[in-house]
Participant: 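Have a look at the structure that comes next, please.
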Amino acid sequence: MSKSPIRSVKGTQDILPDQSTRWQDLELTIQKIMDCYGYKEIRTPAFEHSEVFSQGVGEETDIVSKEMYSWTDQGGDNLTLKPELTAPVARSFIQHNLGVQNSINKLYYIDALFRRERPQKGRYRQFHQFGIEVFGSENPETDVEVIALAMHVFHKLGLKELTLQLNSIGSPECRNNYRNAIKNFLAPHFDQLSQTSQDRYNNNPLRILDTKSPDEKEILKDAPNISNYWTIDDKNHFDEVCNLLKHIKIDYQLSPSLVRGLDYYTRTTFEITSNELGAQNAICGGGRYDGLVEKLGGKPTPGIGFAAGIERLLLASSSDNKIRNIQIYIVGIGNDVRPTMINLAEELRSNDIRTSFDYLRRSIKAQMREANKLGAQYAIIIGEDELKDKSVIIKDLSTSNQEKITLDLVQKYMKSLPL
RNA sequence: GUGGGUGUAGCUCAACUGGUUAGAGCACCGGAUUGUGGUUCCGGAGGCUGUGGGUUCAAGUCCCAUCACUCACCCCA
């Protein structure tokens with residue numbers, strides 16, 4: 001245990017070299033798949049004006065009401081470290097008139113987010129998501145492509161035991177009617193509801209459906225089902241989404257209580273869970289938000305997207321950390337050879353050969369040990385004798401064979417080796 | 001915000017119901033005749049037992065507080 005008083009902030013974590021290559025591999029996989037689907041990366045600032053979230057995500061949501069890192073800067077601006085990315089991407093989409101340049105915009109991101117919650121397995125205060133947002137299409141094939149893309153990534157990462165849960169929360173009219181129906185239904189039971197559910201009754205009654213309290217679940221057993229409040233268009237849309245999913249053989253579970261916590265959702269909502277995680281088992285959540293762009297001051301534009309938690313993906317997948325080992329380790333004997341060593345190293349690196357050498361002027365034995373520890377394929381040994389006759393010894397560390405060659409032939413020689 | 005669990009070496013863990021100088025494995029550094037790694041053998045370094053108080057002849061061990069980590073609730077990625 002370190003006595004040092006200076007530590008990383010609670011809920012944040014360092015990604016050390018023994019993990020960082022896993023992150024790089026994951027990011028590379030995501031980038032390749034995004035490329036295949038024709039999505040372009042968008043990068044937005046780490047912080048935004050707080051209204052982006054209070055208006056876009058909704059004042060009554062947990063994220064905005066109790067989880068944001070917000071502050072007033074020296075100029076008096078109210079700023080917030082982004083706790084989610086759909087609203088900032090929508091803001092950027094509006095600000096730069098992306099909808100005018102292209103009728104469809106398919107965007108993706110890999111980014112860090114911040115929420116002040118009690119940390120837990122798979123939940124951190126700074127965490128990372130990758131996700132996509134599609135602006136400009138309200139048609140069901142868009143919904144299905146978005147879901148298919150998410151599944152594609154997860155399968156590529158070797159995730160098993162995934163469940164896709166699917167629901168439609170309908171259009172705004174439908175939600176209004178349904179909201180009233182829920183309130184009417186719950187009114188006689190109001191006194192039996194928990195404090196939070198009573199609050200939600202007024203603010204966001206649909207969220208009560210998400211409760212995990214057995215008592216409330218019992219009450220909700222006979223609650224009205226949202227599907228009875230869909231408009232014809234809502235129903236057709238959802239049916240098409242389901243049919244297309246079946247068509248491309250993606251299994252799903254209907255989940256009428258999946259209402260999603262954020263205000264901007266309309267129609268399709270979905271969540272993908274992994275049973276290889278703890279309580280925080282959602283690795284991906286998303287849905288359609290046809291009203292968001294307009295709500296943030298843009299022209300009415302349909303949209304849909306998802307976000308997936310990278311820490312959770314890494315927890316659920318068991319991929320190895322593939323360290324890219326050094327290929328050549330240069331061993332030098334005596335201080336006179338140092339200039340030759342560093343020069344040789346630079347030349348090898350110019351030829352894209354991963355090369356390192358000893359900085360501590362240690363014994364040859366220690367240097368050889370280091371070469372082995374670093375997983376080098378070859379050691380190049382330069383001592384006083386070699387310096388004199390302008391040669392080096394090249395030793396294959398897997399076979400222990402070694403041979404002496406002249407210094408000016410090293411580059412050519414290395415190219416002939418199976419590196 | 002609420003509850004449970006855990007704090008001993010860089011890491012994983014020992015130390016019988018309180019009883020000498022707190023141990024081991026891994027990792028690290030060095031050595032096993034001169035300029036050669038992995039396996040083996042030998043050696044070395046590394047701890048105010050999270051912190052503060054209390055009980056006791058005696059505390060890593062018991063009690064209290066505090067801090068940190070962790071899991072869970074709420075909610076979500």
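Quick note on labels: first sequence line is chain A, next is B, and so on, each numbered from 1.
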Participant: Please give, in whole Å, the distance from B:rU36 C1' to A:Arg369 CZ?
Facilitator: 11 Å
Participant: Across the strands shown, which category fits A:Gly122 at heavy-atom distances under 4.0 angstrom: base, sugar-phosphate, nothing?
Facilitator: base
Participant: Given B:rG1, B:rC69, B:rC29, identify the nucleotide with an atom nearest to the side chain of A:Arg7.
Facilitator: B:rC69
Participant: Choosing from B:rG1, B:rA77, B:rG35, which nucleotide comes nearest the side chain of A:Arg118?
Facilitator: B:rG1
Participant: If we count only N and O atoms by modelled type, under 3.5 Å, do the side chains of A:Asn139 and A:His237 hold a donor and an acceptor together?
Facilitator: no
Participant: Round to the nearest Å and state the distance from A:Leu313 atom CG to B:rC76 atom P.
Facilitator: 19 Å
Participant: Table please: side-chain donor-acceptor pairs of residues 325-345 of chain A below 3.5 Å, with sequence neighbours left out.
Facilitator:
| from | atom 1 | to | atom 2 | distance (Å) |
| --- | --- | --- | --- | --- |
| A:Gln327 | OE1 | A:Arg354 | N | 2.7 |
| A:Tyr329 | OH | A:Asp358 | N | 3.2 |
| A:Arg338 | NH2 | A:Asp358 | O | 2.3 |
| A:Asn343 | ND2 | A:Glu347 | OE2 | 3.4 |

Participant: Regarding A:Gln367, tell me which of base, sugar-phosphate or nothing describes its non-hydrogen contacts under 4.0 Å with the strands shown.
Facilitator: nothing
Participant: Salt-bridge test for A:Arg43 and A:Glu41: reply yes if a basic N is under 4.0 Å from a carboxylate O, no otherwise.
Facilitator: yes
Participant: Would you mind reading off the distance between A:Ile283 atom CD1 and B:rC76 atom P, rounded to a whole angstrom?
Facilitator: 17 Å
Participant: Which part of the nucleic acid, if any, lies within reach of A:Glu271 when heavy atoms closer than 4.0 Å are counted: base, sugar-phosphate only, or nothing?
Facilitator: nothing
Participant: May I ask you to say what A:Ala371 touches in the nucleic acid, namely base, sugar-phosphate or nothing, with a heavy-atom cut-off under 4.0 Å?
Facilitator: nothing
Participant: Tell me whether the side-chain N/O atoms of A:Lys373 come closer than 4.0 Å to OP1 or OP2 in B:rC28.
Facilitator: yes
Participant: Checking A:Tyr178 against A:Trp230 for the ring-ring contact (aromatic ring centres under 6.0 Å, His included) test, could you report, in this order, the C-alpha distance in whole Å, the side-chain angles of both residues, the deciding distance, and whether it holds?
Facilitator: CA-CA 9 Å; A:Tyr178 184 56; A:Trp230 289 338; 9.9 Å; no
Participant: Rounded to whole Å, how long is the line connecting atom CD of A:Gln126 with atom P of B:rC76?
Facilitator: 22 Å
Participant: Where the side chain of A:Phe127 is concerned, which of B:rC73, B:rG30, B:rA77 is the nearest nucleotide?
Facilitator: B:rA77
Participant: To the nearest angstrom, how far is A:Lys365 atom NZ from B:rG43 atom P?
Facilitator: 17 Å
Participant: For A:Tyr124 and B:rC69, give me the distance from atom OH to atom C1', rounded to whole Å.
Facilitator: 12 Å
Participant: What is the distance from CD1 of A:Ile394 to C1' of B:rG35, rounded to the nearest Å?
Facilitator: 17 Å
Participant: Check every atom of B:rC29, B:rG38, B:rA72 against the side chain of A:Ala279 and return the nucleotide holding the closest atom.
Facilitator: B:rA72
Participant: Can you work out whether A:Arg116 or A:Ser398 has the more 5'-proximal nearest nucleotide on RNA chain B?
Facilitator: A:Arg116
Participant: Within the structure, does a side-chain N or O atom of A:Gln120 lie under 4.0 Å from either OP1 or OP2 of B:rA77?
Facilitator: no
Participant: Could you tell me whether A:Lys160 atom NZ has more than 12 heavy atoms of other residues or ligands within 6.0 Å of it?
Facilitator: no
Participant: Could you work out which one of B:rC71, B:rU36, B:rA77 sits closest to the side chain of A:Lys121?
Facilitator: B:rC71
Participant: Would you say a side-chain N or O of A:Lys10 is under 4.0 Å from OP1 or OP2 of B:rC69?
Facilitator: yes
